[in-house]
Amino acid sequence: PNKEGYFGRYGGVYVDDTLKQAMAEITEAYFTICKSRKFIAELRRIRKEFQGRPTPISHLERLSNSLGNVQLYVKREDLNHTGAHKINNVLGQALLAKKMGKKRIIAETGAGQHGVASATAAALMGLECVVFMGEEDTIRQALNVYRMRLLGAEVIPVTSGTATLKDAVNEAMIEWTRRIHDTHYCIGSAMGPHPFPQMVRDFQAVISKEIKEQIIEKEGRLPDAVIACVGGGSNAIGTFYNFIEDKDVRLIGCEAAGRGIDTFETAATVATGKVGIFHGMKSYFCQDEYGQIAPVYSISAGLDYPGVGPEHANLHDMGRAEYVPITDDEAVDAFEYLARMEGIIPAIESAHAIAYARKLAPTMDKDQILDNNNEEYDPEIYTLTDEDGNELHFALLGTLENEGNMYKALIPVNENGEEESEEYVILKCTVDENGEDMLETIEDDDEFEKIADIFDDEFADIFYDDVD
């Protein structure tokens with residue numbers, strides 16, 4: 001997104017004054033702490049030793065043969081600790097909250113997986129945890145409610161509105177305004193005010209990073225299509241992100257059509273929604289004839305949301321991603337079919353993607369590859385050219401916004417990303433006459449000293465102790 005948090009015309013920060021300070025605090029922390037090498041190294045360790053990454057991809061041989069001999073793979077996010085992709089995002093946000101000095105996290109949940117992941121991360125990091133869950137969802141996901149409470153979280157059933165995910169988000173945001181000083185809102189999807197959509201996407205992008213590496217290892221090339229279910233969109237944007245620039249790879253999001261997009265009992269936002277503003281962002285939302293947020297329905301509690309994240313809205317408008325509706329009946333049939341054919345019992349959310357794969361596969365050529373989901377957050381590497389034309393490589397240590405300008409602290413590395421010096425350099429982000437982003441040295445001595453002091457003082461615990 002741009003600096004204001006817009007993906008095209010979608011996104012932004014539509015919150016009241018009470019939350020603007022909190023959003024500014026999170027934005028600054030995200031672009032400094034989360035971009036640092038120390039944070040990335042710690043998150044990598046937790047993902048490997050506690051979460052169980054990387055998760056494998058499984059070749060669905062019997063299902064592939066039954067669908068016309070395409071090659072169908074599934075990314076096994078069910079093998080994460082807690083059983084879903086939600087833990088990718090939550091561990092990152094909980095670690096950030098701890099480094100920000102917060103004592104408590106709150107979360108919303110629909111199917112319960114984000115609530116379980118939040119409770120798990122809070123227990124790991126010694127944080128209090130409160131989860132808001134629609135009363136309707138607490139009934140149909142009673143086992144996950146038990147798991148959250150077992151992990152030490154307080155679960156608050158929400159009875160307002162339709163008593164589902166939308167209303168849980170509402171209550172979580174209201175609670176956040178009461179306890180901003182010591183509480184971080186660990187939002188579960190790639191939605192809400194900036195920087196949440198970007199932050200959640202970046203933590204979930206590990207999915208597509210691994211898929212890309214694993215499918216090339218197995219097949220020697222990229223897939224022809226990548227398919228994922230879409231509610232708010234964290235699973236799908238994590239699955240799509242590292243393929244967005246690969247124009248030959250189709251990106252297909254499967255929405256919950258419920259009982260059909262020609263009925264009122266649907267949650268297919270892109271298929272039936274209109275542009276609006278809700279939950280702090282501009283995007284597509286299911287709306288009634290008066291422009292109010294409409295009640296939505298899906299058999300899947302995790303897709304039972306009346307909107308979609310802003311990056312998905314932009315990908316749709318650009319024509320880069322396709323969004324297709326899948327009904328309850330189609331999802332249930334696919335759920336049972338995958339279990340019988342491959343011995344994998346998917347979430348009903350993921351079954352929406354399996355359902356579309358069954359539709360798409362017969363139209364594809366033999367041996368085309370479909371990848372379905374049931375980066376690691378690597379440091380950015382910059383290649384700069386000096387005045388003699390020599391290429392110099394740098395890894396990003398941290399980013400700072402000050403008085404409307406953006407600065408980056410970089411440390412020299414070799415072509416393999418290995419450090420070559422303990423001294424870091426500071427460069428200013430500018431835009432050239434063609435609108436391209438540039439990095440340049442800071443010419444003004446006073447400006448340089450000021451920014452260097454801020455980096456040294458504010459981020460000393462992020463950088464190495466002996467950096468000059």
Side-chain angles (χ1 to χ4, degrees), residues 26 42-43 45-53 55 77-158 163-165 167-176 178-180 182-192 196 199-200 203-204 206 231-232 234-235 238 300-302 304-305 347 349:
I26 292 172
E42 188 170 355
L43 182 58
R45 179 189 60 77
I46 294 171
R47 282 180 167 176
K48 180 180 179 180
E49 298 176 2
F50 179 78
Q51 181 183 345
R53 295 214 76 92
T55 59
E77 289 299 284
D78 57 312
L79 299 182
N80 278 308
H81 181 44
T82 73
H85 72 288
K86 294 293 186 181
I87 195 74
N88 298 326
N89 165 50
V90 169
L91 285 173
Q93 286 204 55
L95 183 60
L96 173 61
K98 186 173 182 179
K99 290 186 178 298
M100 291 172 67
K102 305 297 184 182
K103 306 298 182 185
R104 179 175 179 259
I105 61 172
I106 59 173
E108 86 296 330
T109 196
Q113 287 288 359
H114 178 59
V116 171
S118 297
T120 300
L124 175 67
M125 298 184 189
L127 302 170
E128 297 177 38
C129 181
V130 178
V131 179
F132 293 86
M133 190 173 189
E135 187 175 53
E136 177 70 22
D137 293 335
T138 64
I139 296 169
R140 54 182 175 174
Q141 297 290 340
L143 178 59
N144 279 335
V145 173
Y146 169 76
R147 293 170 73 196
M148 285 181 264
R149 288 174 172 156
L150 180 64
L151 288 159
E154 178 185 1
V155 181
I156 299 180
V158 175
T164 54
L165 180 57
D167 310 290
V169 175
N170 291 342
E171 292 301 315
M173 285 191 165
I174 291 170
E175 172 64 15
W176 193 26
R178 300 187 184 116
R179 295 277 298 271
I180 289 174
D182 70 345
T183 298
H184 174 72
Y185 179 17
C186 190
I187 200 164
S189 197
M191 47 161 276
F196 283 133
M199 182 190 306
V200 175
F203 288 138
Q204 292 292 1
V206 65
S234 66
N235 163 64
S300 161
D304 195 2
Y305 181 71
E349 289 82 3

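Please read all numbers here as calculations on a predicted model, not as lab measurements.
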Sequence neighbours left out, what passes side-chain hydrogen bond (donor to acceptor under 3.5 Å, both in side chains) with [X]? Give chain and number order.
X: T82; result: none
X: Q51; result: N80, N88
X: Q113; result: none

Can you tell me how far [atom2] of [Y] sits from [atom1] of [X], rounded to the nearest 0.5 angstrom?
X: I87; Y: F50; atom1: CD1; atom2: CZ; result: 6.0 Å
X: W176; Y: F132; atom1: CH2; atom2: CZ; result: 13.0 Å
X: L96; Y: L91; atom1: CG; atom2: CG; result: 12.5 Å
X: E49; Y: H81; atom1: CD; atom2: NE2; result: 13.5 Å
X: L79; Y: R53; atom1: CG; atom2: CZ; result: 10.0 Å

Inset, instruction - Compute whether any side-chain donor of one residue and acceptor of the other, for S300 and E349, lie under 3.5 angstrom apart. - result: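 A pair is found: one side chain offers a donor N or O, the other an acceptor, under 3.5 Å apart.
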Inset, instruction - May I have the step-by-step check of side chain to side chain contact (heavy atoms under 4.5 Å, CB included) for H184 and I26, ending in yes or no? - result: CA-CA 9 Å; H184 174 72; I26 292 172; 4.0 Å; yes
Looking at residues at least two apart in the chain, or sitting in another chain, which of them share a salt bridge (Lys or Arg N to Asp or Glu O under 4.0 Å) with [X]?
X: R149; result: none
X: R147; result: none
X: K99; result: E42

Inset, instruction - List the steps and the verdict of side chain to side chain contact (heavy atoms under 4.5 Å, CB included) for F196 and N89. - result: CA-CA 11 Å; F196 283 133; N89 165 50; over 6 Å; no
Legend entry - Any pair counted as salt bridge (Lys or Arg N to Asp or Glu O under 4.0 Å), so long as it reaches residues 104-119, sequence neighbours left out: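 Non-adjacent pairs meeting salt bridge (Lys or Arg N to Asp or Glu O under 4.0 Å): R104-E175.
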Where is the tightest heavy-atom contact between [X] and [Y], given as atom of each residue plus distance?
X: I187; Y: G192; result: CD1-CA, 4.2 Å
X: F203; Y: Q93; result: CE1-N, 3.8 Å
X: Y305; Y: L165; result: CB-CD2, 3.9 Å
X: M133; Y: G110; result: CE-O, 3.2 Å

Inset, instruction - Carefully, step by step, assess E171 and I156 under the rule side chain to side chain contact (heavy atoms under 4.5 Å, CB included). - result: CA-CA 10 Å; E171 292 301 315; I156 299 180; over 6 Å; no
Inset, instruction - For the pair T164 and E136, evaluate side chain to side chain donor-acceptor pair (under 3.5 Å) and give the outcome as yes or no after the intermediate values. - result: CA-CA 6 Å; T164 54; E136 177 70 22; over 6 Å; no
Legend entry - Results of side chain to side chain contact (heavy atoms under 4.5 Å, CB included) for I139 - residues two or more places apart only: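 Applying side chain to side chain contact (heavy atoms under 4.5 Å, CB included) to I139 gives none.
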Inset, instruction - State which residues pass ring pair (Phe, Tyr, Trp, His ring centres under 6.0 Å) with Y146; sequence neighbours excluded, sorted by chain then number. - result: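 So Y146 forms no ring pair (Phe, Tyr, Trp, His ring centres under 6.0 Å) with any residue.
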Inset, instruction - Show the numbers, then the answer: is there a side chain to side chain contact (heavy atoms under 4.5 Å, CB included) between T109 and M148? - result: CA-CA 11 Å; T109 196; M148 285 181 264; 4.2 Å; yes
Side-chain donor-acceptor contacts of residues 114-131 below 3.5 Å, not counting sequence neighbours, with atom names and distances?
from: H114; atom 1: NE2; to: C186; atom 2: O; distance (Å): 2.7
from: H114; atom 1: NE2; to: G188; atom 2: N; distance (Å): 3.4
from: S118; atom 1: OG; to: H114; atom 2: O; distance (Å): 2.9
from: T120; atom 1: OG1; to: V116; atom 2: O; distance (Å): 2.7

